[in-house]
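To keep things clear, I will list the structure first and then write my remarks on it.
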Amino acid sequence: MPKVTTLLLVVLLFLTACEGVQYSEDANYSYVTITLPEQQVADLLSGLLTYGNPPLMYTAQVQLNAGEIYITGEANDGRGGRLPGTLRAQVWIENGGLRVTVTEFIISGYSADASAIAQVNQALYQGFTQASANDRNATEFTEFNVTDSAVRFTLRAPRTPAP
């Protein structure tokens, strides 16, 4: 089973314990809609960013705003030090895949210029595109919404395996 599918399965199993999971199906597809309140999103993203040795960030606070995710905290400077930083990103669906675009990146007063942000966004795009290509089950996002209080997304998978 591809890593992306395995990861999705683990995440879905974990999330089924949450109250914000809905399952439905029609003749061709199964749908899973997951709604995560802001605190769960904050815990998840904070855990991802502060995991590792050394971590990307030592502290991370996450705030949801309509259409975007805003992260502040202490970033790892690569030399064992800590620098205050902020990251603002927009997330949406394109051709069944997840797209993430960084719109603001500031570390200790240094603001990434448009060229640097474009490079980060291209790397994100390539990473998500490659991950999607590895999904032989043809699972795709049909919805991804960020509000000021929650993230809601829907995954759709064919009821019969894709060839």
Side-chain angles (χ1 to χ4, degrees), residues 2-15 17-21 32-135 139-155:
K3 289 180 184 179
V4 172
T5 303
T6 304
L7 178 61
L8 261 179
L9 181 59
V10 169
V11 169
L12 290 175
L13 289 173
F14 170 75
L15 291 173
C18 303
E19 297 174 17
V21 177
V32 175
T33 299
I34 299 167
T35 303
L36 299 171
E38 183 174 36
Q39 188 59 53
Q40 282 184 311
V41 174
D43 292 345
L44 177 67
L45 291 177
S46 178
L48 289 171
L49 292 169
T50 59
Y51 177 78
N53 187 21
L56 293 172
M57 296 184 79
Y58 291 101
T59 63
Q61 295 80 40
V62 178
Q63 179 181 347
L64 301 180
N65 298 315
E68 69 180 14
I69 299 171
Y70 182 65
I71 302 168
T72 60
E74 292 180 308
N76 181 346
D77 72 356
R79 298 182 301 272
R82 298 174 182 223
L83 298 171
T86 62
L87 172 78
R88 190 178 307 266
Q90 296 177 336
V91 186
W92 73 95
I93 302 301
E94 184 176 284
N95 300 322
L98 195 61
R99 286 292 308 262
V100 177
T101 296
V102 173
T103 57
E104 177 182 272
F105 182 77
I106 302 171
I107 298 286
S108 191
Y110 167 77
S111 180
D113 63 18
S115 170
I117 289 177
Q119 288 177 344
V120 168
N121 289 332
Q122 183 61 31
L124 287 169
Y125 176 75
Q126 288 174 342
F128 281 114
T129 300
Q130 183 178 13
S132 295
N134 291 333
D135 181 13
T139 302
E140 64 182 1
F141 285 91
T142 59
E143 170 195 20
F144 195 100
N145 292 313
V146 179
T147 68
D148 59 354
S149 62
V151 169
R152 177 183 169 98
F153 59 93
T154 300
L155 293 167

Worksheet item: Quick one: are Thr35 and Val151 in side-chain contact, heavy atoms under 4.5 Å?
Response: no
Practice prompt. State the CD-CG distance between Gln40 and Leu44, to the nearest 0.5 angstrom.
Written response: 9.0 Å
Worksheet item: Got a donor-acceptor contact below 3.5 angstrom from the Asn145 side chain to the Arg152 backbone?
Response: no
Item to complete: Could you tell me the separation between the CE atom of Met57 and the CG atom of Leu83, rounded to the nearest 0.5 Å?
Response: 10.5 Å
Fill in: CA sep, side-chain torsions, deciding dist, call: Arg99, Phe144, side chain to side chain contact (heavy atoms under 4.5 Å, CB included)
CA-CA 10 Å; Arg99 286 292 308 262; Phe144 195 100; over 6 Å; no
Discussion item. Evaluate Thr50 against Tyr58 for side chain to side chain contact (heavy atoms under 4.5 Å, CB included), listing each step before the verdict.
Written reply: CA-CA 5 Å; Thr50 59; Tyr58 291 101; 6.0 Å; no
Item to complete: List for me each residue that meets side chain to side chain donor-acceptor pair (under 3.5 Å) alongside Glu74, sequence neighbours excluded, and say none if there are none.
Response: Arg82
Worksheet item: How many angstroms lie between CG in Leu87 and OG1 in Thr103, if you round to the nearest 0.5 Å?
Response: 7.5 Å
Worksheet, complete the sentence: CG (Asn53) and CG (Asn76) are apart, to the nearest 0.5 Å, by 9.5 Å
Worksheet item: Does the side chain to side chain contact (heavy atoms under 4.5 Å, CB included) test come out yes or no for Val62 and Ile71, once each step is laid out?
Response: CA-CA 5 Å; Val62 178; Ile71 302 168; 4.1 Å; yes
Fill in: Euclidean distance, Gln63 CD relative to Ile69 CD1, rounded to 0.5 Å
11.5 Å
Worksheet item: How would you list, by chain and number, every residue that makes a side chain to side chain donor-acceptor pair (under 3.5 Å) with Glu68, sequence neighbours excluded?
Response: Asn65, Arg88
Worksheet item: Nearest 0.5 Å, what's the CD1-CG distance between Ile107 and Asp77?
Response: 9.5 Å
Worksheet item: Taking all non-hydrogen atoms of both residues, which atom of Ala60 and which atom of Ser46 are closest, and how far apart?
Response: O-OG, 3.3 Å
Item to complete: Take Ile93 and Thr142 through the test side chain to side chain contact (heavy atoms under 4.5 Å, CB included) and record every step on the way to the result.
Response: CA-CA 7 Å; Ile93 302 301; Thr142 59; over 6 Å; no
Worksheet item: Of all residues at least two apart in sequence or in a different chain, which pass the side chain to side chain donor-acceptor pair (under 3.5 Å) check with Asp148?
Response: none
